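First up is the structure itself, then whatever we jot down about it.
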There are 2 protein chains.
Amino acid sequence: MRRMTARPANAHQARLLRLLRDGGPNSRAQLGDQVDLSRSKLAVEVDRLLETELVVADGLAASRGGRRSHNIRLNPHLRFLGVDIGATSVDVAVTNAELEVLGHINQPMDVREGPVVVFEHVLSMAAKLRASGLAEGFDGAGIGVPGPVRFPEGIPVAPPIMPGWDGFPVREALSQDLGCPVMVDNDVNLMAMGEQHAGVARTVHDFLVVKIGTGIGCGIVVGGEVYRGTTGSAGDIGHIQAVPDGRPCACGNRGCLEAHFSGAALARDAMEAAEQRLSTELANRLESNGTLSAVDVAAAAAAGDATALDLIREGGNRTGQVIAGLVSFFNPGLVVIGGGVTGLGHTLLAAIRTQVYRQSLPLATGNLPIVLGELGPTAGVIGAARLISDHLFSPA
Amino acid sequence: MRRMTARPANAHQARLLRLLRDGGPNSRAQLGDQVDLSRSKLAVEVDRLLETELVVADGLAASRGGRRSHNIRLNPHLRFLGVDIGATSVDVAVTNAELEVLGHINQPMDVREGPVVVFEHVLSMAAKLRASGLAEGFDGAGIGVPGPVRFPEGIPVAPPIMPGWDGFPVREALSQDLGCPVMVDNDVNLMAMGEQHAGVARTVHDFLVVKIGTGIGCGIVVGGEVYRGTTGSAGDIGHIQAVPDGRPCACGNRGCLEAHFSGAALARDAMEAAEQRLSTELANRLESNGTLSAVDVAAAAAAGDATALDLIREGGNRTGQVIAGLVSFFNPGLVVIGGGVTGLGHTLLAAIRTQVYRQSLPLATGNLPIVLGELGPTAGVIGAARLISDHLFSPA
DNA sequence: CTTACTTTTTCCACTCACAGGACAAAGGAG
DNA sequence: CTCCTTTGTCCTGTGAGTGGAAAAAGTAAG
């Protein structure tokens, strides 16, 4: 199928497209209530959007007491691809223009195999989604990678956990392969955009998203916009010192938060506890699986295992301590906890909350919700779709 | 004298006013090079500004190879008042519209005496400046206070070191007394704006300013704009935990940065060292003055006193540790160190740099200058003038 | 079914901001 | 004095946008 190539011609059209994306199908009259344009001007812009086929007519709206209005919606054939590359797995999803997930595949994979191998898999996953009839092609794609990105060019820079990716032109390469516009960002930033679009952060303008997965990262949203820092490495909180003279970390320092609590650290601690027979629950799991991961700790904790609960509490305390510092500094309106370890659930959350509320001043914590992410594994792919749609639905 | 009451009528005029503020007198032709407007449009807007008397003609410019252009400048009679209220002293300055300091008074004072007493002094200082012929009246005033501020209303909220100020309508009261528009902000934010306007941060868009005075605070600039946080308390880094189970702090916690290093903590440490006879230099100063302050420590350090140097180094290490965390999180393009203790100079700076460069990752520190502020005690008042001029030179 | 009232949509005349060309004014270089 | 460059002014054309009038398409009550 021929893909859409049109872009909004001006700020008004971009505004309308975003309203339709975020609010779904809408009548012309309702749109008029939201944009502060004269009826005539609005009609002209809507007609032009209809000509470009970015939006289509969608029957008549219910009456609001008089003549019924005509409904408008984004072209239902538009498709975005959301790709979330994690350290140990990849998520690929298809969305429509309203960013609803139509299909979603997850596949284990080691990011250290390098961009060529990973993108082969990503492309075949995308092809599978297309083959299942969910899309005939993609109008844009958003890609999340687990490391800092030079955002304008879409190129990873000095990513610690994916050394082979340094300088690889992700944006350009995938744009070529997929035949559509592509934007690339840090996975944590995309998670933040996802929660902002469809999750817990819908109404907040300044907030933090702390993602605890294989590593630990933080998405920063200022005034509704993701803040990426001077070199694209903002939010890299995994290497903040949490324990003076603590454990050695891969980065060369000691006591980094990530060395003391993260999916990887938790798995290692659990193995150690199992081998030392501190927990029969964990020891049994180790025996039957041959190895342990954060998921096992979560399961053990759910079963009431004291050692597992202690590990989680301890990690939550460390994390909470770091977050308390960030809260004092940044004074956010919301803190979202997400990532693979969300399975650890409320034990973790309670430990974090305790630390933050104790250590930060009342003015900053007084009205500060600290909550788990609402979208789970789809936050990243929704954020990815949001990224590319923001790009496409902006004036050319 | 009749004060200016005019405001720019549109965004173009605001743009022109800011160009004239930041670039000084300019020819019409030069302005045209900077604003991307047709010559006719530019002429119209400049003529309107001349009518309002916000700008005035200023002779002929040098020829650029053809007909000489007419010079334009901001009305030289415009005067802004910059007020920087610290914990133990107040700075008041008069500037012209280009934000050049024409007169500057500093006076010791205890902020805990409350807003009424403090503002009596401020008003009399302003009157003194006016009486000396520097101003016939003020077209606007910026006020900095040492605590969080609800910015839109200009009201301090829950300020720890100035309890009597909570909820006092600073903006409204001073606007009444001075008879001109007033804006209020945290003193650290104003320091950041000052360094941005006329100091070391002129070309940087994302940076931090750490002010070490009686307490410790941090100004955050994102995309060229001061970030104030959800409740106006962003940058309150004095109560980040720097030492686990460290010294008790006035806030009720233990180990806060401010409890271990700040003007107040430094003075206390110095007294202790003097009483224990660890340093004859400090002991002598204590004997002759009856008390010690950060200034004495600076002097002792300059004289080579080992104890004083140790105190500074230790404090710098603690501060550097906290800043390292902020650098990882925020990835700024510049870190400015300022405030009363700037006198401690390069010993302090070196200690901070060492910690930051050691603890943060290379991607964040690779091209990160950490420098002392350039403006010293005038940073605050220049920032205050900048605050009110930004407000006045924006479309009504 | 008719009538009165609403809401939505289209049409049209009018205003306004702005661009850009023509031309005059003012200066420099030879 | 002549030719060229830059600056400032004037004027007209264009396109964006507004707001009123009227037509179109409903609802609600008699």
Side-chain angles (χ1 to χ4, degrees), chain A residues 6-20 23-52 54-73 393-396, chain B residues 6-20 23-74 393-396:
Chain A
R7 290 280 291 278
N10 58 44
H12 297 309
Q13 294 187 13
R15 180 85 205 284
L16 291 171
L17 291 174
R18 290 178 188 215
L19 281 173
L20 291 170
N26 242 306
S27 72
R28 292 166 102 105
Q30 280 176 309
L31 285 177
D33 295 343
Q34 299 173 69
V35 292
D36 193 44
L37 281 177
S38 66
R39 288 182 312 267
S40 13
K41 179 63 181 165
L42 176 66
V44 170
E45 297 297 356
V46 169
D47 286 345
R48 287 188 192 152
L49 284 175
L50 284 167
E51 269 173 39
T52 66
L54 278 168
V55 307
V56 298
D58 189 39
L60 288 171
S63 168
R64 293 199 293 184
R67 172 175 175 175
R68 295 169 66 190
S69 183
H70 291 265
N71 265 342
I72 296 294
R73 63 175 300 180
F393 293 170
S394 66
Chain B
R7 289 280 292 276
N10 57 44
H12 298 308
Q13 294 187 12
R15 180 84 205 285
L16 292 171
L17 291 174
R18 290 179 189 216
L19 281 173
L20 291 170
N26 242 303
S27 72
R28 292 165 101 108
Q30 279 176 310
L31 286 176
D33 295 342
Q34 299 173 70
V35 293
D36 192 44
L37 281 177
S38 65
R39 278 185 313 214
S40 22
K41 179 64 178 163
L42 176 66
V44 170
E45 297 298 354
V46 169
D47 286 345
R48 287 189 192 152
L49 284 175
L50 284 167
E51 270 175 39
T52 65
E53 292 186 31
L54 278 168
V55 307
V56 298
D58 190 36
L60 287 170
S63 168
R64 294 199 293 183
R67 173 175 175 175
R68 294 168 66 192
S69 185
H70 292 264
N71 265 342
I72 296 294
R73 62 176 301 182
L74 289 170
F393 293 168
S394 66

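Keep in mind the model is a prediction, meaning the values are calculated, not measured. The figures here come from the full heavy-atom set of this structure, side chains too, leaving out hydrogens, waters and symmetry mates. By convention in this document, chain letters (A, B, ...) are assigned in the order of the sequence lines, proteins followed by strands, and residues within each chain are numbered from 1.
Here S69(A) reaches the OP1 or OP2 of dT9(C): one of its side-chain N or O atoms lies under 4.0 Å away. In terms of phosphate contacts, H12(B) brings a side-chain nitrogen or oxygen within less than 4.0 Å of OP1 or OP2 of dC18(C).
Few gaps surround CG on D33(B); more than 12 heavy atoms of other groups in view lie less than 6.0 Å from it. Within a 6.0 Å radius of CG in D47(A), more than 12 heavy atoms belonging to other residues, nucleotides or ligands are found.
Distance H70(B) NE2 to dG27(C) C1': 12 Å, rounded to the nearest Å. Atom pair D36(B):CG and dA17(C):P shows a separation of 18 Å (rounding to whole Å applied). Look at CG on D33(A): it is 11 Å from P on dT9(C), rounded to the nearest Å. In this structure, L60(B) atom CG and dG28(C) atom P are separated by 11 Å, rounded to whole Å. Atom NZ in K41(B) sits about 9 Å away from atom C1' in dC16(C), given to the nearest Å. In this entry the distance linking CD of Q30(A) with P of dT9(C) reads 11 Å, nearest Å. dA28(D) atom P lies 13 Å from atom CZ of R68(A), rounded to whole Å. Atom CD in E45(A) sits about 14 Å away from atom C1' in dT18(D), given to the nearest Å.
DNA chain C is contacted by both G65(A) and A43(A); G65(A) maps to the nucleotide lying nearer its 5′ end (nearest heavy atom per residue). Closest-nucleotide positions on DNA chain D for L37(A) and G66(B) were compared, and the one nearer the 5' end corresponds to G66(B).
In terms of heavy-atom proximity, S394(B) sits nearest to R7(B) at O-NH2, 3.6 Å. Across every non-hydrogen atom of L50(A) and V55(A), the tightest pair is CD2-O, 3.5 Å. The two residues Q13(A) and P8(A) have their closest heavy-atom pair at OE1-CA, 3.6 Å.
Residue S38(B) is classed as a base contact, given a heavy-atom separation below 4.0 Å to a base. Residue contacts shown for R39(A) include a base, since a base heavy atom lies under 4.0 Å away.
For R28(B), taking side-chain heavy atoms from C-beta onward, the closest of the listed nucleotides dG8(D), dA19(C), dT27(D) is dG8(D). Considering only side-chain atoms of R64(A), the nucleotide from dT7(C), dT7(D), dG27(C) that sits closest is dT7(C).
For S40(B) and dG20(C), a side-chain-to-base donor-acceptor distance below 3.5 Å is present, hydrogens and geometry of angles not being considered. In this model, a side-chain donor or acceptor of R67(B) finds a partner on the base of dT7(D) within 3.5 Å.
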